[in-house]
Amino acid sequence: MTMRWIAGLAAMALLAGSGAIAQAGGAKPAQPKVAANAPQAASDGALPDAFAGWELIGTVKPLADPAQADAASAAVLKEYGLTGGLAAAYKRDGQTLTVHALHFPDATGAFGAYSFYRQNNWPKEEIGSGASSFHNRVIFWKGNTLIDATFFQVGSMSGSELRELAKQISDAGGSRAMLPPILANLPKGDLDGQTTHYAVGAAGYAGAGGVLPADVVGFDRGAETVTAGYKLSSGPATLTLINYPTPQMAEAMEGRIRAYIQAGNQAQPAWTKPLMESDRASLEVRRSGPLVILVSGDAIPKESHKLLELVHYEADVTNLPRVGGDTEVTRTGKLLMGIAALVIVGGSAALLLGFFLGGGRALYRIARGKPASSLYDEEFIRIDLSTAKQQTAESEDKPDLKG
């Protein structure tokens with residue numbers, strides 16, 4: 001009875017111990033408590049808690065839609081595909097800095113928004129992928145993010161401080177890092193890079209000082225434009241490139257734009273200010289593939305015509321640089337070619353090995369006086385039963401010495 005009682009206590013202790021172990025294994029670790037008023041960094045890492053001595057004030061404010069990001073330019077930001085943004089304030093030594101980070105689906109949207117906000121007379125800065133400044137305001141873009149920073153007071157180190165911020169902004173990867181291909185069609189000579197404006201809609205085009213009325217361009221037909229200034233020897237010129245989905249559409253729009261230019265004061269809608277200030281003898285339109293090109297400004301007709309003729313769609317497209325190495329199509333083609341080569345080499349090796357092994361065996365059989373093939377050979381094991389039977393009979397005839 002005593003032994004049963006002791007065994008029962010041991011079993012109960014074992015069950016209790018195993019239950020405690022199972023409970024300990026399934027328990028979740030305690031989560032650290034976070035103060036409700038603790039400063040929070042941007043959820044996507046675009047704006048840090050601190051950089052170059054600047055410390056975040058309060059929390060980062062999300063900008064959910066274009067109206068919150070910039071009410072005056074909400075339509076423009078929507079055209080470039082704004083996906084959201086962040087607003088934050090920083091302090092250092094009694095100075096303040098406000099930063100707006102606007103996020104787009106790709107580098108095309110970020111560059112387009114940057115080209116919209118950057119005015120032609122703003123000095124160039126070396127920050128991120130492209131930057132400009134005006135008094136205490138600095139804008140730059142990197143990857144798919146546009147940064148708009150406003151200092152309370154600009155210092156000699158403001159540029160380097162924002163470069164530290166740019167290092168903490170990640171680049172867009174893959175195809176998202178590509179700039180608009182239409183930019184590759186701009187002639188590089190005499191180009192003023194600070195005057196380039198890329199637009200995909202009427203609001204952005206008109207807001208950046210487009211040469212043609214937005215209704216004439218045809219953004220409702222999927223057009224995209226780039227406008228750039230050139231410093232020619234006889235005067236400034238503006239080159240407008242309009243890219244349409246197909247060459248046929250570009251051909252139709254070329255005739256419409258040419259007729260609009262030729263109408264002059266009778267044109268409807270009325271000419272824009274850039275057209276009115278241009279030398280009419282220098283206004284010229286032509287088409288190259290899906291591109292319609294317009295040159296305007298105050299240069300002499302000879303130089304304007306030369307600038308116009310430098311744009312050639314087919315040649316520029318073949319020279320477009322590839323981003324990130326080989327394309328998916330190229331990599332797939334190389335893989336298939338490698339597989340085909342491996343199959344050919346393996347099959348050839350198998351045929352050669354079979355020829356040498358089979359041929360060598362046939363030669364060996366012929367040398368021994370046998371047929372080359374062993375198909376008709378009768379190879380089996382034979383037991384001589386007659387000899388075994390005779391040995392058995394002889395052993396029975398011998399007398400038993402023990403008997």
Side-chain angles (χ1 to χ4, degrees), residues 44-45 81 83 103-112 128-130 141-145 167 169-188 198 200 222-224 226 241 243-251 287-293 309-382:
D44 61 357
T83 58
H103 304 307
F104 299 87
D106 47 34
T108 293
F111 171 77
S129 302
W141 69 279
K142 182 181 179 184
N144 62 325
T145 301
K167 292 179 181 179
I169 299 175
S170 59
D171 285 314
S175 61
R176 296 171 60 243
M178 294 182 62
L179 289 174
I182 191 176
L183 297 176
N185 295 282
L186 288 173
K188 302 302 184 290
Y198 171 73
V200 292
E224 61 175 353
V226 60
L241 305 184
N243 185 32
Y244 293 97
T246 64
Q248 294 77 14
M249 187 179 295
E251 184 178 5
R287 180 184 67 88
S288 178
L291 295 178
V292 173
I293 309 106
E309 290 297 327
L310 288 176
V311 180
H312 187 60
Y313 175 78
E314 290 80 7
D316 288 337
V317 168
T318 56
N319 292 328
L320 283 177
R322 292 181 297 180
V323 177
D326 293 336
T327 62
E328 291 293 336
V329 176
T330 305
R331 287 194 291 267
T332 303
K334 289 182 178 180
L335 175 62
L336 294 178
M337 291 297 294
I339 294 174
L342 182 62
V343 170
I344 293 173
V345 171
S348 302
L351 290 175
L352 291 175
L353 186 62
F355 175 77
F356 283 112
L357 292 180
R361 186 171 183 270
L363 292 175
Y364 176 73
R365 289 177 57 83
I366 292 173
R368 295 179 60 190
K370 294 183 178 182
S373 175
S374 61
L375 181 63
Y376 301 102
D377 285 358
E378 297 180 0
E379 297 178 358
F380 58 89
I381 299 174
R382 184 171 63 181

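Computation of the quantities below employed the complete heavy-atom set of this structure, encompassing side-chain atoms and omitting hydrogens, waters and symmetry-equivalent molecules.
Using modelled atom types, one side-chain atom of Thr246 and one backbone atom of Met249 make a donor-acceptor pair closer than 3.5 Å. A donor-acceptor contact shorter than 3.5 Å links the side chain of Thr83 to the backbone of His103.
When every heavy atom of Pro187 is checked against every heavy atom of Leu310, the shortest pair comes out as CG-CB, 3.8 Å. Minimum interatomic distance between Tyr313 and Gly289 (heavy atoms only, all atoms of both residues): CD2-CA, 4.4 Å. Contact record, Lys167 with Lys142: CA-NZ, 4.0 Å, taken as the closest heavy-atom pair. Closest non-hydrogen pair, Pro105 versus Gly81, comes out as CD-O, 2.9 Å. Taking all atoms of both residues into account, the shortest heavy-atom contact from Asn185 to Leu241 is CB-CD1, 3.8 Å. Considering all non-hydrogen atoms of both residues, Trp141 and Ala107 come closest at CZ3-CB, 4.1 Å.
Between Tyr198 and Phe111, the ring planes lie tilted relative to each other; the angle falls in the 30° to 60° range.
Between Asp106 and Ser175, the closest side-chain pair of non-hydrogen atoms is not below 4.5 Å. By the 4.5 Å heavy-atom criterion applied to side chains, Met178 and Thr108 are not counted as neighbours.
For the atom pair CD1 of Ile339 and CD1 of Ile344, the computed distance is 12.0 Å after rounding to the nearest 0.5 Å. Atom-to-atom distance recorded for Ser170:OG and Asn144:CG is 7.0 Å, nearest 0.5 angstrom.
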